Visitor: 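I'd like to ask some things about the structure below.
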Amino acid sequence: MPDLDAFRAEVRDWLDANCPEEMRQPMESEADIVWGGKKFNFTEPQKLWLDRMAAKGWTVPEWPVEYGGAGLSKPEAKVLREEMQRIKARTPLQSFGIWMLGPALLKYGTHEQKLEHLPPIARGEIRWAQGYSEPNAGSDLASLMTKCEDKGDHYLVNGQKVWTSYADRADWIFVLVRTDFDAPKHLGISFILVDMDQPGVSTRPIKLISGRSPFCETFFDDARAEKHNLVGELNRGWDVAKYLLTHEREMIGGMGSGAMRPMGDIAVQQIGLDESGRLADPMLRTDIARAEIDGLAFMATMERVADEAKAGQGTGANSSMLKYYGTEFNKRRLELMMDSAGSEALEWGADDDVARNWLRTKGNSIEGGTSEVQLNIIAKRILELPSA
Amino acid sequence: MPDLDAFRAEVRDWLDANCPEEMRQPMESEADIVWGGKKFNFTEPQKLWLDRMAAKGWTVPEWPVEYGGAGLSKPEAKVLREEMQRIKARTPLQSFGIWMLGPALLKYGTHEQKLEHLPPIARGEIRWAQGYSEPNAGSDLASLMTKCEDKGDHYLVNGQKVWTSYADRADWIFVLVRTDFDAPKHLGISFILVDMDQPGVSTRPIKLISGRSPFCETFFDDARAEKHNLVGELNRGWDVAKYLLTHEREMIGGMGSGAMRPMGDIAVQQIGLDESGRLADPMLRTDIARAEIDGLAFMATMERVADEAKAGQGTGANSSMLKYYGTEFNKRRLELMMDSAGSEALEWGADDDVARNWLRTKGNSIEGGTSEVQLNIIAKRILELPSA
Amino acid sequence: MSMVLNDDANMLKDAARGFLGKSAPVSQLRKLRDDGSEDGFDRQTWAAMAEMGWTGVLVPEAHGGVDMGYVAAGVIAEEMGRTLTASPYLSTAVMGATALSRFGSDAQKSEWLPKLAAGEAVTAVAVDEGRKHNPARVGVTAERSGNGFRLNGRKGFVAEGHVADMLIVSARTAGGEADAEGITLFLVPRNAAGVSVERADMVDSRNSASVTLENVDVTADAVLGEVDGGLKPLEAVLDAGRAGLAAEMSGSAQQCLETTADYLKERKQFGQIIGTFQALQHRAAHLYSEVELGKSIVLKALQTLDAAPEHAAMMVCAAKAKLGQVAQLAAREAIQMHGGIGMTDEFDIGFYIKRIRVAEALYGDANYHADKFARMRKY
Amino acid sequence: MSMVLNDDANMLKDAARGFLGKSAPVSQLRKLRDDGSEDGFDRQTWAAMAEMGWTGVLVPEAHGGVDMGYVAAGVIAEEMGRTLTASPYLSTAVMGATALSRFGSDAQKSEWLPKLAAGEAVTAVAVDEGRKHNPARVGVTAERSGNGFRLNGRKGFVAEGHVADMLIVSARTAGGEADAEGITLFLVPRNAAGVSVERADMVDSRNSASVTLENVDVTADAVLGEVDGGLKPLEAVLDAGRAGLAAEMSGSAQQCLETTADYLKERKQFGQIIGTFQALQHRAAHLYSEVELGKSIVLKALQTLDAAPEHAAMMVCAAKAKLGQVAQLAAREAIQMHGGIGMTDEFDIGFYIKRIRVAEALYGDANYHADKFARMRKY
């Protein structure tokens, strides 16, 4: 593939010339993630790196050029990722806009909606939050009750969302609302975009057991939404939501499998080896070895499922399998890391210490569809077991 | 308790004088179990030991004297057990008559029924089989279809039972039959005693995956049952069945927790220790240690549940917990024994080799109410979770 | 011995549940945390416990205690596990009383036991030096100096260290760092010159501290038990603490199970009470079984401590290992079955999972005890 | 490398499934067992496999093979795992071909590879001597004798031993019994003087034998690879076998899952299809996930064997360990969910649980490989 080679050379040169030295250092904590948005405090190198990448369209390399992307093919995007990894370049921008709203808009949005919302996402100017769950609509998301009324030239939104990630730092929110209270529950839901910079929208952080507050409650009290910001058809928002949930599942399932330091290495450093050269805690050694093997098998599975999808094979419901296994595995991994760290992990330390991460993982198998919901989906959609 | 001490002395003297030397040797295999009945081939010491014990009423020490027992109190019976264990005396007689039918008759039978059936059980003259499950009534036992018609002076039984333990070696069978096809399924069942020595009853052994055939299919083809052999009220046999199932559950749950050689000892003998004095298979060592700890906790639980029952505390549904945990534990134990024995256990050996026992344990969590049924019972009767 | 509580123990259990549920529920721990309490426990509650005799549960009557034994001590710990009541009960009434009443000299007993029984003194056991429990690995040194000893070194993960009046410290008087021989136990007043104690900010919001000893001089009277022979009494004291922790974890696990079962009966999703979902029913039923096993092995360990303390090590080891597994399972299932609300600080489940993690690590986690169990069984 | 099968491999998979399902289903193994077949496999089926090129899947084209590589070899093994087809495929086409084509001298290759590819010769690898796999522990001795060697000792658990034409035997030429150095591989004709082979009656009704060597004289030409340096090629041969077994177990696990899912859709209890019970649904869904992980790690191991065989050890180790766990879970869940009928010999599930147990033990069980994995990762 000569074209790819040329592209690789070009990417390599550009990255060498443009990636600031500071952006080639490993991130020290979650605080180093660049989320963007009006309220974000950039360091100088972060801003420089973001602006340069955004100008190339490389914060969202596969999006069309007119919407702020670079229109790269999958193989080209892979080359870009590989070259970034080669020099250990940090991701210039992460956001729910990129991961979730973007794909949904690309699929369901009008040309005008895409032009209005996608480029600011790509440039990191607008940070988005997700308004899905409600206090009485958790696993049973479709039973949501946030009301959206047609007021002629605009909509009025009233209700409450929970588990809105970083809503207190977001600028806009995409919200699932009920637009028809008489229809069957899946058929009265719409998907709408709401500017959070208005008196009708307020947020309250939820303090978690980890002591951190990555989530908020978000209240809509006569909040206004423009009519042109309804995505997809009225009352057919469930389709958009489902499409988006699949993306979210894959994202959460894939967490914890990234370039993590192997558990065995960490444990050796913490606990040491015994006279026979084995980890000094023999039972923990057993658990870690088995978990590392499962980790390898899981990573191979993520790879295989992705490759199958590219080849048009496999089943879409496998995203549920990845979400289920990935989050359960991540919980298990952090339990082992707590076992290994011993009493030193039992004191609160830095903002992303092991204990906080351990507690945080407990939510992985709840958010984005619980493990139980994923198992239901596997049973029904893949194994085709009957419903009661 | 001076009386108990006197009793203990008396028991000790009697056992010393009357227990044949051969009956003080550990049993070498299941073939050494004395089941009794017309078809059983006794060795001379087996017969001698049985007859002597039966004459004292000590094959069923807590049953009333008039029904073949010795009318011992619980503490006295415990003394007898302890003294038998002290000289390692074998149990003179085991049977479904003792474990299951006996308790059911004592609770639900008439005086005449007890007089007719209990003493032959106590003396090991009649061996009983259990006719419960049917091909389409497994976990859902109450959906059984074996028909029992009232023919005036007797009943006629037609149908098929499966999983009748050793029916081919039994003399009589207690059977759950349907006596009312119009009533709700639990209310049309009766409990009846059938002589197997008649042309209308035939058996066919079922070959199991272990290669052994401890169970049969049993066919009733116009089999005759006497009217006075109906136990309990007509159409109320389900009460008797449930009572009996509780006994069965406790029996099966308790299996595998007896005086077994500790797994760790067996593994050391088979695999050896490494230079640091630990079992040479470190992962298996982890599994065995955890299992032995669970085994201790389970034995303590059996003891506690029994003591609570004696003290009138606790819940009867705990027999489901013991059945569930005990059988699952037994399966786990045999898996570990297979791991430990390695390739040497993969050749068929003697009739009670590790491989056969391993395969046999797979049925423990199915027979006598599956693990799933026990978990249902715990959820509903103990945790009081609602039904759908 | 019958595996049921006798009438005295049952009465104690009812009394403890009544008192703790009313006077020291989880909200008390939450308040101590949110207020940034320096003591980390409520002194009024502690005084009430002393009043009821709990602080003297293992103190002989001759020294002002009620001497009810380990089963009784465990009953109290179990109830405290239900309410996560913060107090120096374990370090003082269980471990301190065990140390002094079983291994103390007459003078040591007379000096300390009445104060312990009266709730007037708090003790803390300073044993660990690394991130993982290992009582034989002792780096703190005690060198002979005049008629006494001079202690130097550092201990960590000392429960109740900063509120203790007296520290029970293991130090090396002979041998190399990991030798079983050559360890000696010392009674060190916390206010002795050279002792500095720093409280740690623990995930469970309970008391733990690091203790630094810098040329701390003690007399020979400060030795608890024999010089160089401290590991055996130390293990006995630790076993009392481990059994107490196992009892506490049993109480916490029971509470997690019950709270969760109650929630399953209430919460609706998909138009149904979620307790009707069979998958959750089976997991709850499995958890019930494990919790029952936990209760049994704890009772067995406590009974053995009462009946034959010198043979209790294996049962205590099994109990601590089993409860580590059971309580963590209970906490994990509780969070998962509660869903999002279980993740919020506002809800109590988080306090349980955090306390259980600390209790699991304290004096050896489940892996430590399973390994020790295997070594005791010679494999 | 993309984690999907290419077109060739997919065609092979379809062909294998078609052929085995029709010509060598589980009923063939049952019949071989019930008839007490001396060969323990069906020679006609074996000839058909050779016809299709399966016996030459790892044999270079120059020696009459089709040289399709390990992914293809694994595809065949996986399909055989679905039908439990008995044959010397693994010992010959996978392990024998690996041994000869990668480590054989030109003469050895010319002599054996064409016969292997044609299905005319069967090989067997004789490695283990104790109840647990341990390739470095070699007690069989090979003493220099004239220009050659004289072998003495006993091997057990030799898959296909009694039907093999040629045995690949590890023997000690130097060092102590557990030394990694000093092991040499020999090609020993089964009919050589002094070789006696006794077939074992295995629980899986497949072929396994013990091999006794009594003053067996071989020439220097019988050495495979280097004298004293046999452990490395032996491990490579074993890794081929382990990957093949993992693929086979993956096929068996998939079959257990599918059979069980089908049964859940049919069987009624309590007036309902039991597949509607959520507890069973969740367990089946969990099993599905594990089976998928198993498929992935097997493919990864096979691809690594093709791409970089010298670096494949860790992936093969992970694959054998993972499939040991997955396949046993699948077999156990299959029996439990089938209920009583799964316990009967008449039903096929028993054949699966038994074969999976043997495959699990062969060339190292999951514990062996997890331990080896940890050692490779230096912990």
Side-chain angles (χ1 to χ4, degrees), chain A residues 262-268 271-273 277-280 284-314 318 320-322 324-325 328-329 371-372 374-388, chain D residues 1-6 10 257-258 260-262 264-266 272-278 280-301 303 314-315 317-326 366-367 369-379:
Chain A
M263 286 179 263
D265 291 0
I266 297 172
V268 168
I271 300 179
L273 301 173
R278 292 182 293 203
L279 187 67
L284 180 60
R285 176 176 181 267
T286 299
D287 293 341
I288 287 180
R290 289 173 178 167
E292 287 200 338
I293 288 167
D294 284 348
L296 277 186
F298 179 65
M299 282 195 290
T301 305
M302 288 205 297
E303 210 178 315
R304 182 167 65 83
V305 168
D307 286 344
E308 283 177 356
K310 271 183 227 157
Q313 302 171 8
N318 263 337
S320 286
M321 184 263 289
L322 295 179
Y324 163 65
Y325 209 98
E328 294 295 335
F329 180 75
S371 282
E372 290 75 20
Q374 309 310 327
L375 291 170
N376 285 343
I377 293 173
I378 296 169
K380 300 210 162 100
R381 305 251 310 270
I382 301 179
L383 300 176
E384 298 178 334
L385 295 177
S387 294
Chain D
M1 194 178 319
S2 176
M3 289 278 284
V4 287
L5 296 182
N6 63 24
N10 265 320
L257 171 64
E258 289 166 25
T260 303
D262 288 346
L264 293 178
K265 291 171 202 169
E266 263 171 32
Q272 280 187 57
I273 301 282
I274 63 172
T276 62
F277 294 128
Q278 196 197 30
L280 299 186
Q281 290 188 344
H282 280 201
R283 275 162 52 188
H286 172 74
L287 177 58
Y288 168 81
S289 309
E290 290 285 4
V291 168
E292 287 296 304
L293 260 73
K295 281 158 70 173
S296 311
I297 192 76
V298 165
L299 182 55
K300 201 74 174 173
Q303 286 186 343
M314 195 173 305
M315 277 299 168
C317 188
K320 183 69 168 62
K322 182 67 187 164
L323 269 294
Q325 175 247 324
V326 170
N367 286 332
H369 285 287
D371 180 58
K372 183 177 167 189
F373 183 89
R375 278 187 283 118
M376 283 192 278
R377 300 287 278 245
K378 302 201 189 323
Y379 64 87

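Given the structure is predicted, the values throughout are model-derived calculations rather than measurements. Numbered from 1 within each chain, the chains take letters A, B, ... in sequence-line order.
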Visitor: Who among A/Gln374, A/Met321, A/Lys310 has the most heavy-atom pairs with chain D under 4.5 Å?
Guide: A/Met321

Visitor: Please state whether the side chain, the backbone, both or neither of D/Met314 comes within less than 4.5 Å of a heavy atom of chain A.
Guide: neither

Visitor: Hey, what's the ring geometry for D/His286 with A/Tyr324, parallel, tilted or perpendicular (30° and 60° as the breaks)?
Guide: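 Because their plane-to-plane angle is over 60°, the rings of D/His286 and A/Tyr324 count as perpendicular.
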
Visitor: Starting at CG of A/Asp307, measure out to CE of D/Met3 and round the result to the nearest 0.5 Å.
Guide: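 Reported value, rounded in 0.5 Å steps: 7.5 Å.
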
Visitor: CD of A/Gln313 to CG of D/Leu5: how many Å apart, nearest 0.5 Å?
Guide: 7.5 Å

Visitor: I need the minimum non-hydrogen distance between D/Lys322 and A/Ile293, along with the two atoms involved.
Guide: CB-CG2, 4.0 Å

Visitor: So which of A/Ser387, A/Pro386, A/Ala379 has the biggest tally of heavy-atom pairs under 4.5 Å with chain D?
Guide: A/Pro386

Visitor: Do side-chain atoms of A/Arg278 reach the backbone of D/Ala374 as a donor and acceptor pair under 3.5 angstrom?
Guide: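 Flag not set: sc A/Arg278 to bb D/Ala374 has no pair under 3.5 Å.
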
Visitor: Can you tell me how far the OH atom of D/Tyr379 sits from the CD1 atom of A/Ile271, to the nearest 0.5 Å?
Guide: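 D/Tyr379 atom OH to A/Ile271 atom CD1 measures 12.0 Å (nearest 0.5 Å).
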
Visitor: Of the non-hydrogen atoms in A/Ala289 and D/Ala370, which two are nearest, and what is the gap between them?
Guide: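 It is CB-O, 3.7 Å.
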
Visitor: Would you name the heavy atoms of D/Glu292 and A/Thr301 that are closest together and state the gap between them?
Guide: O-OG1, 3.8 Å

Visitor: Check this for me: does any side-chain nitrogen of one of A/Asp265 and D/Arg377 sit under 4.0 Å from a carboxylate oxygen of the other?
Guide: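 Answer for the salt bridge query: no.
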
Visitor: Which one, A/Leu296, A/Ile377, A/Val268, A/Leu273, leads in non-hydrogen pairs under 4.5 Å with chain D?
Guide: A/Leu296

Visitor: Rounded to the nearest 0.5 Å, how far does CG of A/Leu385 lie from CD of D/Gln278?
Guide: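 So the CD of D/Gln278 and the CG of A/Leu385 are separated by 11.5 Å.
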
Visitor: Pick from A/Glu328, A/Glu372, A/Glu292: which one has the most heavy-atom pairs with chain D under 4.5 Å?
Guide: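 Option with the top pair count is A/Glu292.
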
Visitor: So for D/Gln272, is it side chain, backbone, both, or neither that comes closer than 4.5 Å to the heavy atoms of chain A?
Guide: side chain

Visitor: Calculate, to the nearest 0.5 Å, the distance between atoms CD and CG belonging to D/Glu258 and A/Leu383 respectively.
Guide: 9.5 Å

Visitor: Atom CD in D/Gln325, atom CZ in A/Arg290: separation rounded to 0.5 Å?
Guide: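 Output value for this atom pair is 9.0 Å.
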
Visitor: Hey, which of D/Ala301, D/Cys317, D/Ala285, D/Ala319 has the most heavy atom pairs under 4.5 Å with chain A?
Guide: D/Ala285

Visitor: Counting only heavy atoms closer than 4.5 Å, note whether A/Asn318 contacts chain D via side chain, backbone, both or neither.
Guide: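 For A/Asn318, side-chain heavy atoms alone lie under 4.5 Å from chain D.
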
Visitor: Side chain, backbone, both or neither: which part of D/Met1 has a heavy atom under 4.5 Å from chain A?
Guide: backbone

Visitor: List the atom of A/Phe298, the atom of D/Leu293, and the distance in Å for their closest heavy-atom pair.
Guide: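 For A/Phe298 versus D/Leu293, the nearest heavy atoms are N-CD2, 3.8 Å.
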
Visitor: Sort D/Arg283 into side chain, backbone, both or neither according to what part of it lies under 4.5 angstrom from a heavy atom of chain A.
Guide: neither

Visitor: With distance as the sole test, does A/Glu384 use its side chain to make a donor-acceptor pair with the main-chain N or O of D/Asp262 at under 3.5 Å?
Guide: no

